[in-house]
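This chain uses plain numbering: 1 for the first residue, then up along the sequence.
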Amino acid sequence: KALLVMATGTGKTRTAIALVDLLQRAGWVKRALFLADRVSLVNQAVGAFKEHLPDSSPVNLVTERGTSGRVYVSTYPTMMGLINETLSGKAGSEARFGVGHFDLVIIDEVTPDTSDPTTLDWLVHGNGGGTSGGTYEPLDNGGTWTQGDARLTTAITTSVGAPTISSRIEEHESPKN
């Protein structure tokens, strides 16, 4: 579990790149997803990955949807559109970015709806409960997924008050890849 809070321009993206590098070299992360809320931040992150970690083959999913790599960078809407995309383009076939595709997800920035700054729309897709053998425990400000010895706890904090949290749990078969 990690929350990195740094001022603009102090190296959040560079720190994330160093983390991806470390985890990939250790064999703990095969593919990483870096999410940003604006195309300009996606472009900036892809440029930084290409400069500091070119062997990760960074892919800008906004402009290079069919490309493969080890680090994928996307906006939330682009990724939401790709979640259900299949490898063959036909309904019922294997999802391109299915369950377990990414070993690490980095969320660069979450911008609240300005009409209600205490409500965030945030999708977390975990490999916890269901048929995977893991567990999921909802918390007041996020949730915890446990799979064997691995544990991921997510939490949201805001400077304007307690966030509104709702959750939906869906179970499905885990792919065999």
Hydrophobic clusters here meaning ILVMFWY residues chained together by side-chain heavy-atom distances under 4.5 Å, can you tell me if [X] and [Y] are in one?
{"X": "Leu22", "Y": "Val105", "result": "no"}
{"X": "Val59", "Y": "Val62", "result": "no"}
{"X": "Leu104", "Y": "Val42", "result": "yes"}

Any side-chain heavy-atom pair from [X] and [Y] closer than 4.5 angstrom?
{"X": "Asp37", "Y": "Tyr76", "value": "yes"}
{"X": "Phe34", "Y": "Ile17", "value": "no"}
{"X": "Leu33", "Y": "Phe97", "value": "no"}
{"X": "Val20", "Y": "Ile106", "value": "yes"}

Using the rule given for side-chain contact (heavy atoms from CB on, under 4.5 Å), can you reason through Val71 versus Gln24, listing the C-alpha separation, both sets of side-chain angles and the distance that settles it, and then say yes or no? CA-CA 10 Å; Val71 172; Gln24 285 184 337; 4.0 Å; yes

If a pair satisfies side chain to side chain donor-acceptor pair (under 3.5 Å) and one of its residues is in residues 56-65, list it, with sequence neighbours excluded.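 Listed by first then second residue: Asn43-Asn60.
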
Tell me whether the rings of Phe102 and Tyr72 are parallel (<30°), tilted (30 to 60°) or perpendicular (>60°).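 Perpendicular: the ring planes of Phe102 and Tyr72 meet at over 60°.
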
Going from CG on Asp103 to CG on Leu23, what distance comes out if it is rounded to the nearest 0.5 angstrom?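 It is 9.5 Å, given to the nearest 0.5 Å.
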
Taking all non-hydrogen atoms of both residues into account, name the closest pair between [X] and [Y] and its distance.
{"X": "Asp55", "Y": "Arg70", "answer": "O-NH1, 3.9 Å"}
{"X": "Val73", "Y": "Ala45", "answer": "CG1-CB, 3.9 Å"}
{"X": "Pro58", "Y": "Val46", "answer": "CG-O, 4.3 Å"}

Using the rule given for side-chain contact (heavy atoms from CB on, under 4.5 Å), can you reason through Leu35 versus Ser74, listing the C-alpha separation, both sets of side-chain angles and the distance that settles it, and then say yes or no? CA-CA 5 Å; Leu35 291 171; Ser74 179; 4.2 Å; yes

